2 protein chains.
Amino acid sequence: MRLVVARCQIDYAGRLTAHLPMATRVLMLKADGSVLVHSDGGSYKPLNWMSPPCTLREGTTDEGQVEWTVTSRATSKGPDDTLRILIDEIHHDTQHELGIDPGLQKDGVEKHLQELLAEHPTTLAPGLTLVRREYPTAIGPVDLMCRDANGESVAVEVKRRGEIDGVEQLTRYLELLNRDPLLRPVRGIFAAQEIKPQARVLAGDRGIMCATVDYDALRGLDNADDRLF
Amino acid sequence: MRLVVARCQIDYAGRLTAHLPMATRVLMLKADGSVLVHSDGGSYKPLNWMSPPCTLREGTTDEGQVEWTVTSRATSKGPDDTLRILIDEIHHDTQHELGIDPGLQKDGVEKHLQELLAEHPTTLAPGLTLVRREYPTAIGPVDLMCRDANGESVAVEVKRRGEIDGVEQLTRYLELLNRDPLLRPVRGIFAAQEIKPQARVLAGDRGIMCATVDYDALRGLDNADDRLF
DNA sequence: ATTTAGATTTCGGCG
DNA sequence: CGCCGAAGTCTAAAT
């Protein structure tokens, strides 16, 4: 990892073209050849960057300025990209050995939400029981297939954030499932930690029930269960 | 901007929980209080981070190790987040004045594609003429509203990458537009630089035509036009 | 290898 | 200020 602070001007050409006027920025040059250009603000996203695999070549302009050219080969996904960094002045330049990172361990994403709801289906609707998780269909798996108090089928789509696409997805499942005479009628529940108003409206329009899920409360239920055994 | 290279262990708790075992990493501390944790690989996304606004507080553990705690307040968007960085050894620690960045200038995104197609609708279908761009409807603007050689209405949805949600979006527009006796029948064209197979199948199933757009060729047409005048 | 769905998505525009 | 759509999205799992 090489860390450079420099006054520079940057031009990118590839999937789009972008330009950064001359200013002082941080350049992060990683071991795999990738390059990140950061300013002193914004979020985690760099102003500009080059994804690996790519190669950096150092050159000199006609005016005698240092110029770095970072290039990647054209792949099936996109055209060949070029990042041109024209360096006016280097304020800082250091090299560091970091080694391979052991990697990130995550917990609390959609999969966990689905697991918790599978164990506590009654939090979605009274009398609901689980038939199976990841119920397979021709167009993909339904997150939770359940049965309600009347013995009728209920398909549940779980999302961390409930938006229109999720409602569309559940609608496609319901359309398909309701063609099966052994299952029908199948109704739907759209479950998410947070449901956007537009998604709620669309769901209502299609007779789909919305359920807001409290992740912490579910986790609490789960821990309570654990203590019983 | 403060750049730190250190052996550290990191724990994040907020929208999810995440853990990074002890290893050497780069810590980028920006002027707005945000923190980025980078390893020597991966893409532009940090292993872990904290978005502004947030505050960093330095402390010491019972074992005498330095500990940084970065916290942000709970907002309407999410709960309060905490990033705990336990520092084992600092290899490098420098401070740099960067100033405000003049910002990025982009060119070549969906808006541009839409503009080019608006000027050259016949590349989508022979005899097609533009009625208007961003044609307003109750559920949002249709990218391009056109008329074909027979004088019938054609709604065009423009995407850089054509996926299922784009087809769903166009379907919703068509359903609404076809309720209008003055417009109907309205057919649809789904235009994108690249169309995914599943999106193509769904479009075909709904009688929507797909058009793959060559951005460079369109830009060429545009330049040719310019030269005529 | 290709495709698809999820993300601590972030970012910008408009009402 | 909140909602909505686009992104050089990236990434990991499934096909």
Side-chain angles (χ1 to χ4, degrees), chain A residues 12-18 34 37 42-52 54 72 75-83 103-104 106-114 134 136 139-141 143 157-161 163-166 168-169 192-201, chain B residues 12-18 34-37 42-52 54 70 72 75-83 103-104 106-114 134 136 139-141 143 157-161 163-166 169 192-201:
Chain A
Y12 166 75
R15 287 171 245 197
L16 55 65
T17 59
S34 59
V37 181
S43 68
Y44 71 66
K45 200 175 176 181
L47 289 168
N48 225 325
W49 72 92
M50 200 63 150
S51 303
C54 58
S72 77
T75 64
S76 59
K77 309 211 74 168
D80 57 326
D81 294 5
T82 308
L83 191 70
L104 185 68
K106 283 190 201 181
D107 175 30
V109 283
E110 186 192 296
K111 200 178 124 202
H112 294 258
L113 199 59
Q114 195 195 106
E134 301 286 347
I139 54 171
D143 287 341
E157 175 65 34
V158 180
K159 283 268 178 280
R160 214 176 55 78
R161 285 167 55 178
E163 295 177 30
I164 276 189
D165 322 7
E168 297 283 16
Q169 197 179 339
Q193 281 182 275
E194 180 202 349
I195 298 179
K196 292 294 172 74
Q198 213 176 54
R200 204 177 279 276
V201 170
Chain B
Y12 167 76
R15 288 172 246 195
L16 54 65
T17 59
S34 58
V35 178
L36 281 62
V37 182
S43 68
Y44 69 69
K45 200 172 175 180
L47 289 168
N48 224 323
W49 71 93
M50 200 65 152
S51 303
C54 57
V70 193
S72 78
T75 65
S76 59
K77 310 210 74 171
D80 57 326
D81 294 4
T82 309
L83 191 69
L104 185 67
K106 282 191 203 180
D107 176 29
V109 283
E110 183 192 298
K111 199 178 128 200
H112 206 151
L113 197 60
Q114 194 194 107
E134 302 284 347
I139 54 171
D143 287 340
E157 176 64 34
V158 180
K159 284 269 179 281
R160 216 177 52 78
R161 285 166 56 177
E163 295 176 32
I164 277 190
D165 39 345
Q169 197 179 339
Q193 282 183 272
E194 181 203 348
I195 298 178
K196 292 291 171 74
Q198 213 177 55
R200 204 177 280 276
V201 169

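If you're wondering where the values come from, they're calculated on a predicted model, not measured in any experiment. In what follows, chains carry the letters A, B, and so on, assigned in the order in which the sequence lines appear, proteins first and then strands, with residues in each chain numbered from 1.
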Peer 1: Let me spell it out: for each of B/Glu163 and B/Gln169, pick the nucleotide of DNA chain D with the closest heavy atom. Which residue's pick is nearer the 5' end?
Peer 2: B/Gln169
Peer 1: Taking atom C1' of C/dT8 as reference, at what distance in whole Å does atom CG of B/Leu47 sit?
Peer 2: 13 Å
Peer 1: So do the side chains of B/His112 and A/Leu16 get within less than 4.5 Å of each other, counting heavy atoms only?
Peer 2: no
Peer 1: Could you tell me the separation between the NZ atom of B/Lys45 and the P atom of C/dT8, rounded to a whole number of Å?
Peer 2: 5 Å
Peer 1: Can you check the A/Leu16 CG to D/dA6 P distance for me, whole Å?
Peer 2: 16 Å
Peer 1: Ring of B/Tyr12 versus six-membered ring of C/dT8: centres under 5.5 Å and planes under 30°?
Peer 2: yes
Peer 1: Please round to the nearest 0.5 Å and tell me the distance separating atom NZ of B/Lys106 and atom OH of A/Tyr12.
Peer 2: 10.5 Å
Peer 1: How is A/Met50 classified with respect to the nucleic acid when contacts are heavy atoms under 4.0 Å: base, sugar-phosphate, or nothing?
Peer 2: base
Peer 1: Please figure out whether A/Glu110 or B/Ser51 has its closest DNA chain C nucleotide nearer the 5' end.
Peer 2: A/Glu110
Peer 1: Out of C/dG6, D/dA7, C/dT4, which nucleotide sits closest to the side chain of B/Gln198?
Peer 2: C/dT4
Peer 1: Taking only the side-chain nitrogens and oxygens of A/Lys111, find out if one of them lies under 4.0 Å from OP1 or OP2 of C/dG6.
Peer 2: no
Peer 1: Can you tell me how far P of D/dT15 sits from NZ of B/Lys196, to the nearest Å?
Peer 2: 17 Å
Peer 1: Do A/Asp81 and A/Met50 come within less than 4.5 Å of each other through their side chains, counting heavy atoms only?
Peer 2: yes
Peer 1: Starting at CG of A/Leu104 and ending at P of C/dG6, how long is that distance when rounded to a whole Å?
Peer 2: 19 Å
Peer 1: Let me know the distance between CZ of B/Arg15 and P of C/dA7, rounded to the nearest Å.
Peer 2: 12 Å
Peer 1: Applying a 3.5 Å limit to both distances, which nucleotide forms a Watson-Crick or G-U wobble pair with D/dT11?
Peer 2: C/dA5
Peer 1: 5'-most contact on DNA chain D: B/Glu157 or B/Ser43, nearest heavy atom basis?
Peer 2: B/Glu157
Peer 1: Could you measure the distance from the CD atom of B/Gln169 to the CG atom of A/Asp165? Nearest 0.5 Å is fine.
Peer 2: 9.5 Å
Peer 1: Report the distance from atom CG of A/Leu113 to atom P of C/dA7, rounded to the nearest whole Å.
Peer 2: 9 Å
Peer 1: For the pair made of CG in B/Asp165 and P in D/dA7, what is the distance, rounded to whole Å?
Peer 2: 12 Å
Peer 1: Is B/Trp49 stacked against the base of C/dT8, taking the criterion as centroid distance under 5.5 angstrom and interplanar angle under 30°?
Peer 2: yes
Peer 1: Indicate yes or no: at least one non-hydrogen side-chain atom of A/Lys196 is less than 4.5 angstrom from one of A/Ile164.
Peer 2: no
